[in-house]
Amino acid sequence: MLVIISYDVNTEDASGRRRLRQIARQCVNFGQRVQNSVFECCLDEAQYRRLQAKLCEIMDPAKDSLRFYKLGEHYHGKIEHFGTKAGYQADDALIL
């Protein structure tokens with residue numbers, strides 16, 4: 001399923017900047033950055049729960065926020081992109 005993850009981390013102090021880097025690093029391990037604080041991730045239910053738990057463990061709920069949008073398997077018609085940074089197909093092969 002395609003999951004959109006967005007986050008807002010308070011970076012006024014060093015611990016906030018560390019949380020921001022840790023959250024981004026975890027998201028990069030599971031998906032593709034499409035905006036500064038937005039990732040598209042193709043996950044199964046177990047991966048989704050594991051990533052969600054890890055990110056919630058990293059964040060400070062008094063200062064930060066996380067949002068998870070589960071678009072499911074049939075997401076192709078639900079995404080429209082305009083502007084720079086051409087989109088990609090989340091379920092296509094990724095060659096590094």
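Everything numeric in this text was worked out from a predicted model, so none of it was measured.
For R50 and Y48, the side-chain atoms include no donor-acceptor pair closer than 3.5 Å.
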*Check the pair I5 / V38 against side-chain contact (heavy atoms from CB on, under 4.5 Å), numbers first and verdict last.*
CA-CA 6 Å; I5 300 171; V38 180; over 6 Å; no
*asked:* Determine whether S6 and F39 satisfy the following criterion, side-chain contact (heavy atoms from CB on, under 4.5 Å), listing intermediate values before the conclusion.
replied: CA-CA 7 Å; S6 66; F39 282 81; over 6 Å; no
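In this structure, the side chains of E40 and L2 come closer than 4.5 Å at one or more pairs of heavy atoms. Contact of the L71 side chain with the V3 side chain is not registered, since no non-hydrogen atoms from C-beta on lie closer than 4.5 Å. Taking 4.5 Å as the limit, some side-chain heavy atom of M59 sits within range of a side-chain heavy atom of I23.
By the side-chain contact (heavy atoms from CB on, under 4.5 Å) test, L20 is found to be paired with Y7, V9, T11, residues two or more places apart in sequence or in another chain being considered. In this structure, the salt bridge (Lys or Arg N to Asp or Glu O under 4.0 Å) partners of D13, at least two apart in sequence or on a different chain, are K63.
With values rounded to the nearest 0.5 angstrom, D8 atom CG is found 11.0 Å from R67 atom CZ. In this structure, Q26 CD and Q52 CD are separated by 13.5 Å, a value rounded to the nearest 0.5 Å.
Using a distance-only test at 3.5 Å, with no hydrogens or angles considered, a donor-acceptor pair links the side chain of Q47 to the main chain of D44.
The salt bridge (Lys or Arg N to Asp or Glu O under 4.0 Å) pairs that include a residue from residues 16-29 are R19-D64, where partners are two or more places apart or lie in different chains.
The two atoms that bring C41 and C27 nearest to each other are SG-O, 4.3 Å, heavy atoms only. Here the shortest heavy-atom pairing between Q35 and R33 reads O-CG, 2.9 Å.
Taking a 6.0 Å sphere around CD of E12, one finds it holds 12 or fewer heavy atoms contributed by other residues, nucleotides or ligands.
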